[in-house]
Amino acid sequence: MSKPVEIHSVEEWNNIVETSTAAGKTIVVDFHAEWCGPCKVIAPRFNELASQNPQAQFVRVDVDEQSQIAESFRVTAMPTFFAIKAKSVVGMLRGADPRGLATLVHQHAGPNPPVAPNDEEKSRETKSNL
């Protein structure tokens, strides 16, 4: 069962970004704070999504302990979630929205990458020709 990694330093953050990028993994980040009630409410769902999506790297960043990382992403509300691929932000969600978080994960880090519209059309053409 995959569990989110709690980031304790900028060096640890940089290492995870490098290794995840090299492995082609999407990073899903939970920017939270200990004093944040909504952060505590959504944490079990984040953990559940981490265990269901081992192909992605899930991390948690406490904004008070790692303010440098939080500031680099301009985090102004907690919780804030990011999906990062190849060192670029590809998705973001503010707030403790379980459905929105699941959508963010499945769109950017799910086991099956989204089908491009052209591929979908080709798939339909192939099926209709059978």
Would you find a donor on one side and an acceptor on the other, under 3.5 Å apart, between the side chain of [X] and the backbone of [Y]?
X     : Y     : result
Lys3  : Asn47 : no
Ser72 : Ile69 : yes
Thr80 : Phe31 : no
Asn53 : Gln55 : no

Testing the basics here: between [X] and [Y], what is the closest heavy-atom pair and its distance to 0.1 Å?
X     : Y      : answer
Ile42 : Pro79  : CG2-CG, 4.0 Å
Val17 : Lys87  : CG1-CG, 3.8 Å
Ile7  : Ile16  : CD1-CD1, 3.6 Å
Val28 : Ala109 : CG2-CB, 4.0 Å
Gln57 : Val5   : NE2-CG2, 3.5 Å
Cys36 : Met78  : SG-O, 3.7 Å

To the nearest 0.5 angstrom, please state how far the [atom1] atom of [X] sits from the [atom2] atom of [Y].
X     : Y      : atom1 : atom2 : answer
Glu18 : Trp13  : CD    : CH2   : 11.5 Å
Ser9  : Gln68  : OG    : CD    : 10.5 Å
Asp30 : Leu101 : CG    : CG    : 8.0 Å
Thr21 : Ile27  : OG1   : CD1   : 5.0 Å
Glu71 : Thr76  : CD    : OG1   : 12.0 Å

Are [X] and [Y] connected, step by step, through hydrophobic side chains (Ile, Leu, Val, Met, Phe, Trp, Tyr) whose heavy atoms are closer than 4.5 Å?
X      : Y     : value
Val63  : Val89 : yes
Met92  : Leu49 : no
Val105 : Val90 : no

Within the structure provided, determine whether Phe73 and Val61 are in side-chain contact (heavy-atom separation under 4.5 Å).
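Counting from C-beta outward, Phe73 and Val61 never come under 4.5 Å.
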Less than 4.5 Å apart, any side-chain heavy atom of Leu104 and any of His108?
yes
Matching residue for Arg60 among Glu65, Glu6, Glu34 - test: salt bridge (Lys or Arg N to Asp or Glu O under 4.0 Å):
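Only one option passes, and that is Glu6.
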